[in-house]
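We count residues from 1, following the sequence as given.
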Amino acid sequence: MCGLAGIIGTGDKSKVQRMLDKIRHRGPDESGIFADENITLGHNRLTIIDLYHGRQPIKNEDGRYWLIYNGEIYNYQLLRKELKNHIFSTDTDSEVIIHLYEELGKNCVNYIDGMFALVIYDSKKKSIFIARDPLGIKPLYYGKTKEGYFAFASEIKALQEVTDDINEFPNGYIYTTENGFERYYSIPQDPMHFADVDNIINGLRLRLEDSVRKRLIADVPVGVFLSGGLDSSLIAAIAAKYKNPLHSFAVGVEGSNDLKNARVVADYVGTIHHEFIYTEEDIKKVLPKVIYHLESCDPALVRSAVATYFVSKLASNYVKVILSGEGADELFSGYHYLKNYTNPWKLQSELKYITRNLHNTNLQRVDRMTMAHSIEGRVPFLDLEVLRYAFKIIPSFKINGREKTEKWILRKLAENYLPESIVWRRKEKFAIGTGTSEILNKIAESEISDAEYIKNRFLPNGFEIKSKEELYYFKILKRFFNVDSFIKDMGRSRSLNDNQIYA
């Protein structure tokens, strides 16, 4: 996990160094810059694999290709075995990528299993190749500088050091000097899987266990976020099968449901469990930091980001890699508003839509809050094999029965791993389960009057601020950023609470 920054068209190291300084938290272990007259590539490294080698930018054997990369490639050892004609100087996954590109060019992305944002420079052809992973788990932004140069960075705060032209690099796309942007991945819709429930559960079990197992591989300590909800509890239970000891982490206000249920799960699966209990004053103190790192004022994201900030800080004292349960609600229909869909095919379409946009919602939250504390977040539910299988399951197995039980098929799988009280626990958003949302809503109500909200509801560029809470966060965001440059493209969650639908 790392931070990228670069400018195509100039060898000005000072500008890229300023960009790297803004995202030092993404890679505090090592930093490096490569430059010639055509390009400057910068990289901050968080060491996860081959801790003492692999500083970036990294070059191939003859120095023609240079790579900077943020992410993890889970099949890099298998790929390395096939790259027998290349000389490796490290045991890193980054060196596998650069050699794979030598062999396959832009098609290399079709063989990579992982999360990534990467840039490869061909010093002979003076050309560039940029790619972002299929779901956008790893962030990347780009824009034109006033001199007309193409700049890019892992976070908006770094890119705004050199330009206010802020664009998100689209997930599942590559960019080449020759052809510009090209899509290489779309969420598939294979024929529905109409086998019986037991067969579906077994197929899901095999894929999810494989996903968790390969995400436990690292040369540093690995742990799990544990809210006591279905998703994180299932990941923790599977991880505990393959890693012992396993550290788990939970946060919340005193007496919150998440803290209580996380203790139940930790005892049941046998993790070394850690807690942090925070107060309203703690929330007020960290809120500006949370919004600065999050780069968003979306209320649902900010609410859950506060809790994620605290749990990431707690985890950083013990581990450097963390597994999280993001993606399950999108793949298996976990949000309460989804129960309003009476047409199963429209439900399926909505699930694909919110999965496709995770890079602007929960994935952004997890990436920014973990990286704020220099730890790497991994999301097993969003393994591409798990995702593909999930969209083959008929919608009626996701919301099922007279009670419209959400994530029904996932709950049936979880019966093999967890106590009944956890398996059939009603879905609570992270911010609600930790007790954070009520406090934040109260703070916003006290800070923003009705008159101020009415006056400032619509921004000059037409953007609508949809609540006093969002206006409160927007005002904080403006302290740090030229928000006008990206507010229209900012990700927004579909719903804030059960009856608050934004879209």
Side-chain angles (χ1 to χ4, degrees), residues 22 141 143 146 155-161 163-168 253 278-309 335-337 340 353-354 357 359-362 364-365 368-369 372 429-432 434-503:
K22 282 289 184 178
Y141 299 88
K146 62 182 180 182
E155 296 185 14
I156 292 170
K157 58 182 64 67
L159 192 57
Q160 283 201 334
E161 284 295 298
T163 181
D164 283 328
D165 176 30
I166 308 297
N167 307 276
E168 186 177 17
V253 302
Y278 51 83
T279 66
E280 181 174 338
E281 285 306 309
D282 292 326
I283 293 172
K284 288 180 179 178
K285 184 177 179 179
V286 304
L287 187 59
K289 296 178 184 178
V290 168
I291 291 174
Y292 170 76
H293 283 288
L294 182 63
E295 301 179 333
S296 174
C297 59
D298 176 67
L301 289 188
V302 174
R303 286 180 172 190
S304 54
V306 168
T308 309
Y309 182 92
Y335 298 117
H336 295 306
Y337 85 92
N340 297 329
Y353 176 86
I354 58 178
N357 287 279
H359 58 95
N360 280 143
T361 55
N362 287 332
Q364 180 172 331
R365 168 180 55 83
R368 300 301 199 281
M369 296 303 105
K429 289 190 175 183
F430 191 32
I432 295 174
T434 56
T436 310
S437 59
E438 184 177 343
I439 293 172
L440 283 169
N441 187 54
K442 183 179 75 172
I443 293 171
E445 283 289 332
S446 67
E447 294 288 335
I448 304 294
S449 67
D450 291 344
E452 182 180 7
Y453 174 62
I454 292 170
K455 181 180 178 181
N456 296 283
R457 180 178 177 184
F458 292 96
L459 303 184
N461 63 8
F463 183 86
E464 181 185 3
I465 294 177
K466 297 189 176 181
S467 67
K468 290 198 286 185
E469 188 175 351
E470 187 167 35
L471 179 59
Y472 178 53
Y473 301 150
F474 173 77
K475 290 173 67 176
I476 296 175
L477 191 66
K478 282 192 71 174
R479 297 181 200 169
F480 305 113
F481 302 103
N482 175 9
V483 182
D484 290 342
S485 65
F486 64 87
I487 189 73
K488 282 190 172 182
D489 297 320
M490 185 186 73
R492 303 179 96 181
S493 299
R494 283 297 225 199
S495 65
L496 183 59
N497 291 328
D498 291 0
N499 299 312
Q500 293 175 277
I501 307 301
Y502 270 10

Fill in: Worked check of salt bridge (Lys or Arg N to Asp or Glu O under 4.0 Å) between Lys284 and Glu280
CA-CA 6 Å; Lys284 288 180 179 178; Glu280 181 174 338; 3.7 Å; yes
Item to complete: Take Val302 and Leu287, measure what side chain to side chain contact (heavy atoms under 4.5 Å, CB included) needs, and give me the verdict at the end.
Response: CA-CA 8 Å; Val302 174; Leu287 187 59; 3.8 Å; yes
Item to complete: Verify whether one side chain among Gln160 and Ser485 offers a donor that lies under 3.5 Å from an acceptor in the other.
Response: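 Checked: Gln160/Ser485 side chains pair up, N/O donor to acceptor below 3.5 Å.
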Practice prompt. Go through the structure and list residues passing ring-ring contact (aromatic ring centres under 6.0 Å, His included) with Tyr309, not counting sequence neighbours.
Written response: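 Scan of Tyr309 (ring-ring contact (aromatic ring centres under 6.0 Å, His included), adjacent residues dropped) gives His373.
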Worksheet item: Taking it one step at a time, do Tyr472 and Leu440 satisfy side chain to side chain contact (heavy atoms under 4.5 Å, CB included)?
Response: CA-CA 10 Å; Tyr472 178 53; Leu440 283 169; 5.8 Å; no
Closest non-hydrogen atom pair, [X] against [Y]:
X      : Y      : value
Lys468 : Glu445 : NZ-OE1, 2.8 Å
Ala307 : Thr436 : CB-OG1, 4.2 Å
Pro288 : Arg479 : CG-NH1, 4.1 Å
Ile487 : Phe463 : O-CE1, 3.5 Å
Glu295 : Arg368 : OE1-NH2, 3.2 Å
Asn357 : Tyr353 : ND2-O, 2.7 Å

Worksheet item: Checking side chain to side chain contact (heavy atoms under 4.5 Å, CB included) for the pair Ile291/Cys297: CA distance, chi angles, key distance, verdict?
Response: CA-CA 7 Å; Ile291 291 174; Cys297 59; 5.7 Å; no
Fill in: Counterpart residues, salt bridge (Lys or Arg N to Asp or Glu O under 4.0 Å), relative to Lys475 (two or more places apart)
Glu452
Practice prompt. Indicate yes or no: does Asp165 engage Lys146 in a salt bridge with an N to O separation below 4.0 Å.
Written response: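 Looking at Lys146 together with Asp165, the answer is no, because their closest N to O distance does not fall below 4.0 Å.
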Item to complete: Apply the test side chain to side chain contact (heavy atoms under 4.5 Å, CB included) to residues Asn456 and Ile465: give CA-CA distance (whole Å), side-chain angles for both, the deciding distance (0.1 Å), then the verdict.
Response: CA-CA 8 Å; Asn456 296 283; Ile465 294 177; 5.8 Å; no
